[in-house]
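Beneath this line is the structure, given in structure tokens, with notes to follow.
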2 protein chains.
Amino acid sequence: MKNQKTKFVILGLLTIEPMSGYEIKKFISESISHFWAESNGQLYPALRELARQECIELKEKKLNGKQESHLYSITKKGRVALKVWLGEANRGKSISRDEDLLKLFFGKSASIQGSIALLQKREARISDKLNQYKEIQKVIERHSHSPHALYWRLTLKNGICHAQAELAWCQEARAALQSGEEQ
Amino acid sequence: MKNQKTKFVILGLLTIEPMSGYEIKKFISESISHFWAESNGQLYPALRELARQECIELKEKKLNGKQESHLYSITKKGRVALKVWLGEANRGKSISRDEDLLKLFFGKSASIQGSIALLQKREARISDKLNQYKEIQKVIERHSHSPHALYWRLTLKNGICHAQAELAWCQEARAALQSGEEQ
DNA sequence: TCTGCCATGTAATATGTTACATGATTGT
DNA sequence: ACAATCATGTAACATATTACATGGCAGA
């Protein structure tokens with residue numbers, strides 16, 4: 001079977017409420033983008049295959065004017081499949097590839113200024129991330145009575161913890177490079 | 001051009017000392033595996049292409065007995081290419097896909113016990129990681145007079161910071177789930 | 001009119017892993 | 001003898017991004 005993960009993301013999101021492909025993408029970017037991403041090239045084929053497998057069904061073909069939007073909802077079969085996957089142990093090796101760290105690791109071959117600049121940019125990016133998290137926080141609080149909210153807060157908190165740890169490290173690392181530079 | 005990143009990893013590592021493909025893989029697993037991985041299917045073709053581009057050269061064909069090992073070293077052209085890449089800003093979106101977090105996010109559709117178990121396994125994995133970091137620490141201290149050591153310590157510290165943040169989060173998250181379970 | 005968002009989708013390309021093939025060397 | 005590690009490599013597969021194509025709708 002192909003596109004394993006993508007399919008489970010879709011199933012999971014459809015337990016919240018019926019959504020269209022477009023809404024799924026938007027939801028991802030507004031809630032789990034800090035640890036998960038999907039592109040159109042994966043999303044739409046996966047939607048089709050899930051429908052073919054009867055794990056989701058077309059609930060409604062909205063036609064606002066002439067514009068069509070396919071609203072999918074999860075089926076019983078889909079819920080079962082999701083639950084099975086949730087219960088499975090992850091053989092996952094989370095592929096982590098951090099290009100910044102790679103460049104810093106090779107810092108001896110670069111200029112100290114270059115490495116410092118890299119860290120500054122990283123710091124700026126992490127700060128942006130923390131701001132994005134505040135947006136996600138708002139989304140969650142809008143659903144604060146939902147039975148999902150507890151889990152959403154936990155995953156968000158994970159992102160925040162790492163962002164804070166990262167910021168602290170960036171500052172420390174930058175200080176180390178700057179003191180090295182003075183000598 | 002293909003295999004961009006892999007090629008720069010190789011170039012970077014060859015600035016430390018000439019290595020064979022096998023040694024490169026080993027070095028990766030002993031030093032940067034917490035933020036970078038390469039498989040044979042990428043490594044060997046990339047070595048060939050780098051050689052073709054004259055960014056690396058076959059320094060020595062060791063023939064210990066009859067077993068051959070290709071010892072590559074970086075060329076001037078390779079050093080230039082590396083330096084250019086190091087100076088480039090990362091358009092990088094570090095693809096982060098964390099299956100654990102995804103499952104936790106969908107925790108409402110699973111059992112609380114399942115989510116707690118997931119967190120426990122994660123905790124165990126992180127603890128293992130922290131132990132691996134101690135091994136990396138040893139490797140670094142063996143090279144402590146190398147001009148690379150400063151940079152290596154920084155990237156290692158990054159891993160340690162995140163692992164610690166993650167452990168703390170795991171415990172907190174587990175506590176939150178357990179108190180939720182009691183009600 | 002033009003920009004930006006809504007909305008679905010595909011083809012080409014890039015990237016990466018897995019599993020295997022091959023065979024030597026080293027230690028028990 | 002046997003297992004582990006050294007050592008290089010490939011083919012098939014799996015996964016993912018990019019860049020487009022298409023077109024409606026809303027508002028300045």
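Every chain is numbered from 1 and lettered A, B, ... according to where its sequence line falls, protein lines coming before strand lines.
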Below 4.0 Å: OP1/OP2 of dC6(C) and any side-chain N or O of Ser20(A): no
Proximity to the side chain of His70(A) - top-ranked nucleotide from dT8(D), dT8(C), dA16(D): dT8(C)
For Leu58(B) and dT8(D), give me the distance from atom CG to atom P, rounded to whole Å. 10 Å
How about Trp36(B) and Glu38(B): does a side-chain donor come under 3.5 Å of a side-chain acceptor? yes
Testing the 3.5 Å rule here: is there a donor-acceptor pair between the side chains of Thr6(A) and Gln42(A)? yes
Go through the side-chain N and O atoms of Gln132(A) and His34(A) and say whether any donor and acceptor fall under 3.5 Å apart. no
Terminal helix-axis angle for the helix from dT1(C)-dA28(D) to dT28(C)-dA1(D), with five pairs defining each axis and rounding to 10 degrees: 30°
Using the side-chain heavy atoms of Lys26(B), tell me which of these nucleotides is nearest: dA16(D), dT10(C), dC6(D). dC6(D)
Is the His143(A) ring parallel, tilted or perpendicular to the Phe27(A) ring (thresholds 30°, 60°)? perpendicular
Specify the closest pair of heavy atoms between Ser115(A) and Leu104(A), including all atoms of both residues, with the distance to one decimal. CB-CD1, 4.0 Å
Looking at dT15(C), I'd like to know if its phosphate oxygens (OP1 or OP2) sit under 4.0 Å from a side-chain N or O belonging to Gln42(B). no
If you compare every side-chain N and O of Tyr44(B) against the phosphate oxygens of dT8(D) (OP1, OP2), does one of them come in below 4.0 Å? yes
Polar pairs (N or O, both sides) under 3.5 Å between protein and nucleotides 20-23 of chain D?
residue: dG23(D); atom: N2; partner: Gln67(A); partner atom: OE1; Å: 3.4

Nearest whole Å is fine: how far is dC5(C) C1' from Glu30(A) CD? 13 Å
Atom pair distance, as rounded to whole Å: CG in Leu71(B) and C1' in dC6(D): 14 Å
Which heavy atom in Ala46(A) sits nearest to a heavy atom in Ile10(A), and how many Å separate them? CB-CD1, 3.7 Å
Sorted by chain and residue number, the side chain to side chain donor-acceptor pair (under 3.5 Å) partners of His148(A) (sequence neighbours excluded) come out as none
Using a cut-off of less than 4.0 Å, is there contact between a side-chain N or O of Tyr22(A) and OP1 or OP2 of dC6(C)? yes
Please check if the number of heavy atoms outside Lys77(B) that lie under 6.0 Å from its NZ is greater than 12. yes
Do Trp152(B) and Glu141(B) have side-chain heavy atoms sitting under 4.5 Å apart? no
Protein-nucleotide distance (Leu43(B), atom CG; dG9(D), atom P), rounded to Å: 10 Å
Phosphate OP1/OP2 of dT10(D): any Arg48(B) side-chain N/O under 4.0 Å: yes
Counting only heavy atoms from other residues, nucleotides and ligands, does the tally under 6.0 Å from NZ of Lys157(B) exceed 12? no
Starting from C1' on dT15(C), measure out to CD on Glu49(B) and report it in whole angstrom. 14 Å
Between NZ of Lys25(B) and P of dG16(C) the distance, given in whole Å, is 14 Å
Measure from CD on Glu38(A) to P on dT17(D) and round the result to the nearest Å. 7 Å
Rounding to an integer number of Å, can you tell me how far Gln4(A) CD sits from dA14(D) P? 10 Å
